Engineer: 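Take this structure first; my questions come after.
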Amino acid sequence: VPVSVICSPPQNYPLYIRSVPTENELKFHYTVHTSLDVVDEKISAMGKALVDQRELYLGLLYPTEDYKVYGYVTNSKVKFVMVVDSSNTALRDNEIRSMFRKLHNSYTDIMCNPFYNPGDCIHSRAFDNMVNSMMMQVC
Amino acid sequence: ITEVCGAKRVGYFGPAQFYIALKLIAAAQSGFPVRIESIKNELPLPRFMALKNDSEVRYGTPAELHGVKFQVPHATSEKNSYKRTDEGDKQEPKSPPMSPICSPPASPSTYQRIPLSYGYGKSRSGLEQQHGAPYEVRHSTHQQDGPSSGNYGAKPAHCSILNRSLSAEREQQDSSAHYSDDPWRITEEQRDYYINQFRSLQPDLNSFISGSVAKNFFTKSKLPIPELSHIWELSDVDCDGALTLPEFCAAFHLVVARKNGYQLPETLPETLLPEYLQAASLKPMRDCALFDSYSESLPGGQQTRDFSRTEKATAEEVPDNSALLQDAKKDDKQALKVSTVLKTIPKEFQHLTVKTAAQESNALKARPRSRSYSSTSIEDAMKKGEEPPTPPPRPQKSHSRASSLDLNRVFQQNTQAVRSGWLPPPPPALPPRPPVSQTEQVSEFELHPQMNRPPSQAEENSSAKKEVVLAQPPSKPARRKLRTEAQGLETPELSPTINVTSSLPAVKPHLPVQKQSSKQKRAIQTAIRKNKEANAVLARLNSELQQQLKEVHKERIALETQLEQLRPVTVL
């Protein structure tokens, strides 16, 4: 049940959002969106170390729901948020980190494309493929 | 024959069977028995009924001969037609069937004009050959099993080069007959076309095109942005935001394919991978290598040369976009230019300089600068600065980019014709091509390019209406001062006002590398001559532009008066 969302920093609107189980998708969207606030909070809290390589948010927004939300911020304040199922205990911190790193790399590749205007929604097929494969891996 | 070649067994004529069949036909016509062994002989090409008409040949011969449905033809024809379109000729698929497939059974790898080759081409693919009648077919050494390196297009004219490269390369590469059907395989014609386009954007074939330049270029193709974005994703394999030559060829090829109706693939086809293209393009590239050969051919370690080399190295980092880079002449001179100012200026010039240096290694090779003023690059303005190689005093072919510096120089040195104001003020304080002295040596090199430049530029100027681009024959904006720095010449930092001519002599003595003075003199004289020509062209251009300006002013005045006339009425 991973859901990943990338949000552009200043405006906090999603550039890309994808969920694997398509039911209850809206709930995940909502979750991700609300978690942005937490991410912002963490960013501002981290004063000196401007952007830590990754930021882990291991908390449950809804105590009843058993899923975890992870966040990651890039140097340009682009936020990645990932929601995973808590029952998926096989997922460890390192794996989450590597997933975020892959996301970041793919995002960088998209940026290199001159036809992509920063701020546009991301429609890259390569990016989609990467995200899909990642999510399949987790499920 | 059908049985022997295996068609009967498999039930169709694939390329392999087809070739064998043709070989057998040739054998039979030569009197050999129809057996597999016969095709091992050296056989003349089979002779089919003389069919002048392509279509007849196409349809008649195969039908007569085989009466079997060809597997490949239609697909091939489509591919061929699309392949050809990139040349801009969307011609009706003409006869010459063959394009990729042609590998006539003939053993010798030579070109043959064969009317009957139509027989080989099952497809109607348009090899968009202008001439229907005999066309050259590349023969590759016949491989027994079948299509020897396919993908030979019957080339009308420039087959020789292609042939050479193709036959050598393709044969090894294509073991199966399928490549000929592959829409993702780039033919030689296409490759040449792509290479030329690449050159128009970036003269240095070993360097790359920046993202923005490429974006402007591909946007011209009028494909929707998402598709272009996808094409970029596919072709920019190393994801560095720039396109090397193979990447560019792949991207261009995809654009062409898309325009012809092919759906873009999800992943880059193998034949479009840079490594593949790189290998395949080695030969054709050689032809242009001459222009790009930098250091090696340079005459004894002139500083300029070394300098250009370093420049080149640095320049390579910078993607070149401008099509404007016409100005090859500059090369060394540019190097001389004040580096500081030039840094921003087009790296492309750097490339040019480097390139010119390379070319000139033999002394004055004409730089294959693309003359496209019409480059879409937004940096055109910047790039315009190139100018034809200026002889000792930098020829101020004021390119649009024309750095202010150049303009200054132009004013000083050349006719006092005022450059049209449209030239974007080049980076200020570009040292006048100071290193004229340095250019001395360079001038040798530059002479030729300059020579070529002015005329070409003149043409272009007149044609291209772009103001920016029109730029006078490329006056190289103060190029890299690198040279000066490297050499420690004083010129580099010279104030722009320095008259190049005057400085020339002064600088001359400083030139570290003083080749034979007589040679230099000659070079200088040639350079002077060229400069004069360039000046004349520029002056002409200037007057034309002035004229235009006047007309525009007149119009404006007329409109204003009209407005005035109307105004009182409304003010009521």
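Hydrogens, waters and symmetry mates play no part in the numbers below; they use all other heavy atoms, side chains included. Per chain, numbering begins at 1; letters A, B, ... match sequence-line order. Note that the structure is a prediction, hence the values are computed from the model and not measured.
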Engineer: How close do A:Met99 and A:Met134 get, counting heavy atoms only, and between which atoms?
Structural biologist: O-SD, 3.6 Å
Engineer: Between A:Asn113 and B:Trp232, is there a donor-acceptor pair closer than 3.5 Å when you use the side chain of the first and the backbone of the second?
Structural biologist: no
Engineer: Just to be sure I understand the criterion: a residue of residues 221-228 of chain B counts if one of its heavy atoms is under 4.5 Å from a heavy atom of chain A. Which ones qualify?
Structural biologist: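 Expected list: B:Ile225, B:Leu228.
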Engineer: Judged by atom type as modelled, is there a donor-acceptor pair below 3.5 Å linking the side chain of B:Asp236 to the main-chain atoms of B:Asp240?
Structural biologist: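 Yes; judged by distance alone, with no hydrogens or angles, the pair exists.
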Engineer: Please give me the minimum heavy-atom distance between B:Leu243 and B:Phe198, naming the atom from each residue.
Structural biologist: O-CE1, 3.8 Å
Engineer: Who pairs with A:Ser124 by side-chain contact (heavy atoms from CB on, under 4.5 Å), at least two apart in sequence or on another chain?
Structural biologist: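 With sequence neighbours excluded, A:Ser124 shows a side-chain contact (heavy atoms from CB on, under 4.5 Å) to A:Ile110, A:Ile122, A:Ala126, A:Phe127, B:Glu233, given in chain and number order.
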Engineer: Would you name the heavy atoms of A:His104 and A:Phe80 that are closest together and state the gap between them?
Structural biologist: CA-CZ, 4.1 Å
